[in-house]
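Residues: numbered from 1 along the sequence shown.
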Amino acid sequence: MGTERMEMRKRQMSVHQETVSSSQAQQGVGNRGSNACCFCWCCCCSCSCLTVRNQEDERTRRSSNEIRGDGIPNCEESPTPTLEDVYSWGQSFDKLMNTPAGRNAFREFLRTEFSEENMLFWMACEDLKKESNKNVIEEKARLIYEDYISILSPKEVSLDSRVREVINRNMLEPTQHTFDDAQLQIYTLMHRDSYPRFMNSVIYKNLLQTLSENTAES
């Protein structure tokens with residue numbers, strides 16, 4: 001009887017241990033499942049955050065590209081200048097810069113001197129002054145800074161340290177007039193440096209000659 005009781009007790013203990021082991025194993029699976037779910041949720045959350053962030057970055061890049069695309073054309077639309085128009089360009093730099101045909105001719109010359117960025121910067125500033133939407137103003141100001149002010153840009157214009165400090169302060173709250181000082185400095189540079197050479201250039205002389213011949217024939 002004692003032997004049978006002991007064997008029965010051993011079987012009960014064995015069954016109890018198996019039950020406990022089975023329960024622990026199930027709990028372990030449950031915990032792993034919970035952790036896996038948690039891990040998967042975290043990953044999904046991260047992926048979702050990254051996706052949203054990437055989508056926002058893409059929208060920002062697309063907006064910047066659209067603004068750049070809507071900016072300065074390679075050549076402004078303008079009627080063919082008259083002989084009087086071209087003569088007036090030789091009398092006044094202001095008259096040259098105030099007409100699309102004059103700017104086109106001057107830009108063509110600046111390309112030969114690898115300094116077209118001066119005209120492009122001046123025109124970008126003129127375009128900024130016409131804008132009234134605050135968000136667009138901020139975006140255009142940022143693009144102008146990146147394209148023409150940043151020392152990392154291949155199209156950086158030549159500005160003194162004082163004007164650069166003014167721009168950096170103005171960029172904290174950009175307006176239509178953020179680059180006014182810089183625009184005036186570049187305008188003066190073109191007037192004093194590039195304009196006299198333009199007047200003696202083949203581009204200007206050929207334009208004068210062509211218009212003179214056309215006028216004589218008519």
Residue from Asn135, Asp127, Thr178, Asn133 passing side chain to side chain donor-acceptor pair (under 3.5 Å) with Lys140: Asp127
Hey, could you give me the [atom1]/[atom2] distance between [X] and [Y], rounded to the nearest 0.5 Å?
X      : Y      : atom1 : atom2 : answer
Phe121 : Phe179 : CZ    : CZ    : 6.5 Å
Leu207 : Leu83  : CG    : CG    : 9.0 Å
Asp193 : Phe198 : CG    : CZ    : 14.5 Å
Leu211 : Tyr87  : CG    : OH    : 9.5 Å
Glu108 : Met119 : CD    : CE    : 12.0 Å
Glu173 : Glu138 : CD    : CD    : 9.0 Å

Given 3.5 Å as the limit, does a donor-acceptor pair link the side chain of [X] with the main chain of [Y], or not?
X      : Y      : answer
Gln185 : Asp160 : yes
Glu131 : Gln176 : no
Asn104 : Glu76  : yes
Glu116 : Leu110 : no
Arg107 : Leu120 : no

Lys134 atom NZ, neighbour heavy-atom count above 12 within 6.0 Å: no
Ion pair Glu126/Lys129, N-O distance below 4.0 Å: yes
Glu139/Arg142 ion pair, N-O < 4.0 Å: yes
Same apolar cluster (I L V M F W Y, side chains within < 4.5 Å links), Val157/Met171: yes
Shared hydrophobic cluster for Ile149 and Val166 (ILVMFWY, side-chain gaps under 4.5 Å): no
Qualifying side-chain hydrogen bond (donor to acceptor under 3.5 Å, both in side chains) pairs with a residue from residues 200-209, counting only residues at least two apart or across chains: Gln209-Glu213
Intermediate values then yes/no, side-chain contact (heavy atoms from CB on, under 4.5 Å), Ile203 and Thr112: CA-CA 10 Å; Ile203 291 175; Thr112 67; 4.2 Å; yes
Is any side-chain heavy atom of [Y] closer than 4.5 Å to one of [X]?
X      : Y      : answer
Ile186 : Leu159 : yes
Pro81  : Trp89  : yes
Asn168 : Tyr145 : yes
Asp181 : Leu184 : no

If every non-hydrogen atom of [X] is compared with every non-hydrogen atom of [Y], which pair is closest and at what distance?
X      : Y      : value
Pro79  : Ala101 : O-CB, 4.1 Å
Ser194 : Phe109 : O-CE2, 3.5 Å
Lys155 : Tyr148 : O-CD2, 3.6 Å

Plane angle bin for Tyr187 and His191 - parallel if under 30°, tilted between 30 and 60°, otherwise perpendicular: perpendicular
Those residues that, when tested against Lys95, pass side-chain contact (heavy atoms from CB on, under 4.5 Å) (two or more places apart): Ser88, Gln91, Ser92
Residues Ser78, Thr99; criterion side-chain contact (heavy atoms from CB on, under 4.5 Å); working and verdict: CA-CA 8 Å; Ser78 67; Thr99 63; over 6 Å; no
Residues Thr82, Asp85; criterion side-chain contact (heavy atoms from CB on, under 4.5 Å); working and verdict: CA-CA 5 Å; Thr82 64; Asp85 291 333; 3.1 Å; yes
